[in-house]
Amino acid sequence: MALRHKIIGLLTEAAAKAQAAGKLPAVTLPDVALEHPQKPEHGDYASSLPLKLARATRLKPLDIAGVIRKFIPADPAIVSVAVAPPGFINFTLDSDWLSRQVEEVLASAETFGNVDLGKGRRVQIEFVSVNPTGPLHVGHGRGAILGSALANILSAAGFAVETEYYINNAGSQIEAFKHSLYTRYQQALGVDAELPANGYFGGYMADLAQAIIAEDGDKYSRLPEVEAIDRLGEVGLKKMIGQIKTDLERLGVTFDTWFSERSLFKNGQYDTAMTLLKEGGYIAEKETATWFVSTALGENKDNVVVRSDGSPTYFATDIAYHYNKFVERKFDQVINIWGADHQGHVSRMKAVVGAMGIDPERLKVIISQMVTLRRGGELVRISKRSGDIITLSEVVDEVGADVSRFFFLARSADSQMDFDMELAKKESAENPVYYVQYAHARIASILTLAAERKIDYADGDVSLLTSEPEQSLIRKMLLLPEVVEMAAKSLGPHQLAYYAQELATMFHSFYKQCRVISRDDAGLSKARLKLVVAAKIALSRCLHLMGMTAPDTM
RNA sequence: GUCCCUGUAGCUCAGCGGAAUAGAGCGGCUGCCUUCUAAGCAGCGGGUCGCAGGUUCGAAUCCUGCCAGGGACGCCA
């Protein structure tokens with residue numbers, strides 16, 4: 001069990017025992033707040049529980065703290081429990097216990113940092129899900145990286161995670177794509193043709209047409225137009241999806257499932273979902289269209305699900321899709337990562353989930369805010385319709401996958417961000433990405449030297465690790481499980497990026513102050529080798545959870 | 001007009017289930033390479049936490065209003 005929970009447990013029990021013994025009024029206990037104090041002299045963990053109890057019990061916080069402290073049993077991990085004004089209870093970890101944790105980290109190896117928050121519950125994370133009508137740009141990259149890191153974190157937190165890309169391959173945008181492609185195809189073959197007004201004007205469409213001509217020649221031009229548009233369009237879609245997949249793989253983003261929107265119509269789930277809503281009384285006909293009456297659920301307005309021409313809207317298929325997620329596939333929890341332009345969709349989606357009899361709390365939507373791409377001071381437009389577009393893969397070409405990932409992960413999804421490629425490249429020498437990876441490489445280098453000198457440190461005695469730099473490094477390492485838990489609970493992968501930097505700082509500082517491989521003190525060398533291996537585990541876990549590489553040389 | 005996100009150090013951002021002198025990186029200024037990678041370390045300087053009220057023993061954190069920036073309000077997706 002994580003240390004943090006253990007201490008919370010000690011406090012809760014102590015307060016309850018104090019109440020049972022009549023030393024503390026039997027008021028309802030609040031949730032125990034436990035934090036890491038800023039000042040080292042305040043210990044490793046501090047609780048303000050006495051302060052919170054002061055009003056209800058009408059006692060002085062310091063007195064409450066004194067009473068609770070008496071009921072906290074001795075624990076091997078804790079050397080002291082101190083009462084401090086205005087009413088804190090401070091816990092300081094035992095130095096021997098800390099040293100011994102190095103062995104624990106080594107024993108857990110690649111599972112170090114894992115926690116059992118999820119208890120095997122099934123979580124689906126759906127992200128990116130861009131219409132396959134054009135290449136990915138930076139904004140999509142942000143969602144992709146966020147989603148894949150979150151998937152890693154939730155797995156580490158004990159959830160059974162499945163990642164998914166929802167392919168919107170039905171609907172009017174797809175029709176526009178097919179028409180645009182057909183036009184470009186004709187043009188490439190020397191036929192006079194004009195793009196539809198709602199078409200895709202990007203240069204990549206002409207490239208796509210050329211690529212298809214290179215493979216299949218002009219065979220689609222010999223078909224009747226309607227059939228040609230469809231057959232050609234399908235080939236184009238397949239190629240587009242393939243390109244998206246490749247771009248994502250370059251960033252280390254993969255999916256367990258590529259889910260087809262069309263399948264919802266083939267297997268009848270679309271009809272089932274609509275029937276379900278109809279039976280619930282949430283469907284109404286008005287103005288020749290069919291509406292989901294979201295106003296009945298407190299929404300601002302109703303939404304069309306079936307247009308006057310009988311075709312379903314995007315919202316309608318999304319309803320069916322969520323029916324599929326919750327009812328057919330029975331995910332305990334579903335997380336959707338959407339771009340900022342979809343935020344208006346969140347509340348009605350939750351409303352509709354509730355209308356289908358599913359607890360809306362099981363659906364979490366993360367809105368990743370806009371990314372503006374810059375080159376120095378210059379803004380780069382990323383519109384898909386206009387020809388002027390910097391694709392995600394171009395960004396990855398320039399700054400690399402690791403840097404891209406770290407830059408996106410170092411910000412919470414809530415805040416808009418500028419992605420300045422100039423800066424990402426220019427700063428590369430002083431980059432936090434390299435700072436963290438460098439720590440890992442330095443350890444690898446130490447281990448190489450140890451191997452060259454044939455040092456066997458299996459019998460290293462970790463109890464020798466008592467100095468301040470050593471203990472600080474251990475303390476920081478031991479926070480990884482807490483960070484994983486926090487990041488999983490708050491769905492905030494950025495916390496890992498900050499922690500990784502702090503951990504690297506502790507290592508670099510230790511490295512400067514403590515010579516690991518020394519001819520003078522073989523015993524200490526062996527102990528420190530163990531420490532360094534443990535730190536390497538913690539660092540590489542961090543980097544891997546973020547989907548980054550942990551290089552041995554730099 | 002309604003709704004969502006943001007406003008913290010020169011810049012980019014953490015912190016926002018309230019609590020002990022507000023943090024990091026970059027940039028600026030000082031020092032530090034005979035031994036495991038200086039892509040490093042140690043230190044200095046830098047803040048009315050957008051503004052105004054309110055709740056509280058205690059607010060960057062919670063509530064209300066306002067201001068500023070971005071986004072959404074389609075029988076597009």
Report the residues that fulfil salt bridge (charged side-chain N to carboxylate O under 4.0 Å, His left out) with A:Lys512, sequence neighbours left out, ordered by chain and then residue number. none
What side-chain hydrogen bond (donor to acceptor under 3.5 Å, both in side chains) pairs are there with at least one residue in residues 50-59 of chain A, not counting sequence neighbours? none
The correct set of residues in residues 297-305 of chain A placing a heavy atom under 4.0 Å from RNA chain B is A:Asn300, A:Lys301, A:Val304
Counting any heavy atom closer than 4.0 Å, what does A:Asn169 reach on the DNA or RNA strands: base, sugar-phosphate only, or nothing? nothing
Listed partners of A:Lys364 passing salt bridge (charged side-chain N to carboxylate O under 4.0 Å, His left out), at least two apart: A:Glu361
State whether the distance check finds a donor on one side and an acceptor on the other, under 3.5 Å, for side chain A:Ser172 versus base B:C76. no
The answer to which of A:Asp418 and A:Ile89 contacts RNA chain B further toward the 5' end, by nearest nucleotide, is A:Asp418
By the 4.0 Å heavy-atom rule, please label A:Ala46 as base, sugar-phosphate, or nothing. base
Cation over ring, A:Arg348 on A:Phe315, under 6.0 Å and within 45°? yes
Counterpart residues, side-chain hydrogen bond (donor to acceptor under 3.5 Å, both in side chains), relative to A:Glu452 (two or more places apart): none
Quick one: side chains of residues 31-40 of chain A, donor-acceptor pairs under 3.5 Å with protein atoms, not counting sequence neighbours, listed by atom name and distance.
residue	atom	partner	partner atom	Å
A:His36	ND1	A:Asp44	O	3.0
A:His36	NE2	A:Glu482	OE1	2.7

Applying salt bridge (charged side-chain N to carboxylate O under 4.0 Å, His left out) as the test, list every pair that has at least one member in residues 515-531 of chain A; sequence neighbours left out. A:Glu103-A:Lys530, A:Asp459-A:Lys526, A:Glu470-A:Arg528
Check if the side chain of A:Gln416 and the base of B:G69 share a donor-acceptor pair of N or O atoms closer than 3.5 Å. yes
Determine whether the aromatic ring of A:Tyr511 stacks with the base of B:G40, defined as ring centroids separated by less than 5.5 Å and ring planes inclined by less than 30°. no
Taking the six-membered ring for Trp, does A:His342 stack with B:A77 (centroid gap under 5.5 Å, planes within less than 30°)? no
List in chain and number order the residues that pass ring pair (Phe, Tyr, Trp, His ring centres under 6.0 Å) with A:Tyr282, two or more places apart in sequence or in another chain; answer none if no residue qualifies. none
What residues in residues 488-504 of chain A put a non-hydrogen atom under 4.0 Å from any atom of RNA chain B? A:His494, A:Tyr498
Paired and unpaired positions of RNA chain B as dot-bracket, Watson-Crick or G-U wobble under 3.5 Å, | denoting a partner strand: ((((((((.[[[[.).......]]]].(((((.......))))).....(((((.......))))))))))))....
With RNA chain B as reference, determine whether A:His42 or A:Met370 sits nearer its 5' end, using the nearest nucleotide of each. A:His42
Is it possible for you to check whether A:Arg442 lies under 6.0 Å from the centre of the six-membered ring of A:Tyr511, through NZ or CZ, and within 45° of that ring's axis? yes
Paired with A:Tyr321, the side-chain hydrogen bond (donor to acceptor under 3.5 Å, both in side chains) test is passed by just one of A:Glu164, A:Gln269, A:Glu261, namely A:Glu164
Can you sort out the partners of A:Lys536 under salt bridge (charged side-chain N to carboxylate O under 4.0 Å, His left out), two or more places apart, ordered by chain and number? A:Asp552
Just to be sure I understand the geometry, which residues of residues 513-523 of chain A put a non-hydrogen atom under 4.0 Å away from RNA chain B? A:Cys514, A:Arg515, A:Val516, A:Ile517
Closest of B:A38, B:C13, B:A19 to the A:Met417 side chain is B:C13
